[in-house]
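Per chain, numbering begins at 1; letters A, B, ... match sequence-line order.
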Amino acid sequence: MIGGADVGFEENGAIARAAVVVLSFPGLERIEFAIARIPTPFPYVPGFLSFREVPVILQAFDQLQQKPDLILCDGQGYAHPRRFGLACHLGLLLNLPTIGVAKSHLIGTHEPLDLAKGSWQPLIDREETIGAIVRSRHNCRPLYVSSGHRVSLPTAIELVLNCTPRYRLPETTRWADAIASQRGAFKDPESAQVNP
DNA sequence: GCGACAG
DNA sequence: ATCTTGTCGC
């Protein structure tokens, strides 16, 4: 079972709303999801994102009946100024394997990336490989992948690609995002009528 | 001093 | 992250 977590905001950022979903693997069928809302505990400060999003994610996670074996996070893992991004923070607190999958760059340099899906390049910072940029779809902006907790970078890249059959983002992230934001045909959580 | 800066 | 319609490109 693979989990996905994402956070959205309401009331001009005053309320943080998290969604954690659980998908089967490798089938990627949606098994379950949970939602939590709390007053936003911390402002957005680059490099300190976990203090803003992890608390509410933990509350949503606690509500799950079926706990996932690993979680794909929306944000950096080891590819962080102090090597401890959101994915590392969440994984350590839950003592669960996690992977950081960010949609944009925070730190690190890299060589040009091939356009073909599946290609990747190491992300380097201070002579160290901290993660990788991965082409999850032909000719699309790359994903910033890095290990979060108890997962190696090669395994992280492989898992992210296996969770991304069609779109730029992993299915886990797409579902969590659709549920965390208040978009789509999301009416009653029980009816589960959501469109990623 | 200047530019960059996950969500 | 969020506001917010149409639109450019494959």
Side-chain angles (χ1 to χ4, degrees), chain A residues 3-21 35-61 71-93 98-110 113-117 119 122-126 128-149 151 153 156-157 160 166-170 172-184 186 196:
Chain A
D6 190 38
V7 178
F9 296 87
E10 306 169 15
E11 305 296 319
N12 264 318
I15 301 295
R17 174 177 177 163
V20 176
V21 299
I35 294 175
R37 296 172 78 241
I38 63 170
T40 304
F42 203 81
Y44 170 66
V45 182
F48 297 85
L49 182 64
S50 55
F51 293 97
R52 178 176 170 83
E53 305 198 340
V54 166
V56 69
I57 290 176
L58 291 174
Q59 288 202 11
F61 183 89
I71 298 177
L72 260 46
C73 304
D74 196 24
Q76 315 284 351
Y78 191 76
H80 176 275
R82 293 171 298 284
R83 307 292 185 263
F84 205 72
L86 185 154
C88 303
H89 207 143
L90 183 66
L92 181 64
L93 293 179
T98 56
I99 296 173
V101 184
K103 298 184 292 296
S104 60
H105 170 273
L106 176 59
I107 61 167
T109 60
H110 62 76
L113 181 64
D114 192 83
L115 294 180
K117 170 175 181 174
S119 60
L123 241 192
I124 310 291
D125 180 58
R126 301 189 188 185
E128 178 187 20
T129 292
I130 58 175
I133 53 172
V134 179
R135 195 78 77 181
S136 56
R137 177 175 177 162
H138 189 283
N139 202 15
C140 260
R141 290 168 54 205
L143 256 27
Y144 294 74
V145 179
S146 59
S147 66
H149 194 58
V151 180
L153 180 57
I157 293 173
V160 167
R166 179 170 180 190
Y167 302 100
R168 180 191 176 226
L169 301 176
T172 42
T173 307
R174 286 168 43 73
W175 280 112
D177 183 74
I179 297 170
S181 66
Q182 29 205 13
R183 288 181 286 91
F186 186 58

**Message:** Checking E128(A) now: which residues fulfil salt bridge (charged side-chain N to carboxylate O under 4.0 Å, His left out) with it, not counting sequence neighbours?
**Reply:** R83(A)
**Prompt:** With sequence neighbours left out, what residues match K103(A) under salt bridge (charged side-chain N to carboxylate O under 4.0 Å, His left out)?
**Reply:**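 Partners of K103(A) under the salt bridge (charged side-chain N to carboxylate O under 4.0 Å, His left out) test: D74(A).
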**Message:** I want to check something: taking the side chain as every heavy atom from C-beta on, are S50(A) and L90(A) in contact at a cut-off of under 4.5 Å?
**Reply:**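 Not in contact.
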**Message:** Going 5' to 3' along DNA chain C, between which two nucleotides do contacts with chain A fall, using a heavy-atom cut-off of 4.0 Å?
**Reply:** dA1(C) to dT2(C)
**Message:** Generate the contact string for nucleotides 2-7 of chain B. Rules: B means base contact, S means sugar-phosphate contact only, - means no protein heavy atom under 4.0 Å.
**Reply:** ---BBB
**Message:** Restricting to side-chain hydrogen bond (donor to acceptor under 3.5 Å, both in side chains), what partner residues turn up for H80(A), sequence neighbours left out?
**Reply:**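 Testing H80(A) for side-chain hydrogen bond (donor to acceptor under 3.5 Å, both in side chains), a comparison that skips the adjacent residues, returns none.
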Taking [Y]'s backbone N and O only, do any of them form a donor-acceptor pair with [X]'s side chain (distance below 3.5 Å, no angle check)?
X	Y	result
R135(A)	D114(A)	yes
R17(A)	R37(A)	no
S136(A)	L169(A)	no
S181(A)	G8(A)	no
T40(A)	G13(A)	yes

**Message:** Applying a 3.5 angstrom cut-off to the pairing atoms, does DNA chain B sit in any stems of at least three consecutive Watson-Crick or G-U pairs? List them by first number.
**Reply:**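 Counting only runs of 3 or more consecutive pairs, none involve DNA chain B.
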**Asked** Yes or no on side chain to side chain contact (heavy atoms under 4.5 Å, CB included) for L153(A) and Y78(A), after CA distance, side-chain angles and deciding distance?
**Response** CA-CA 10 Å; L153(A) 180 57; Y78(A) 191 76; over 6 Å; no
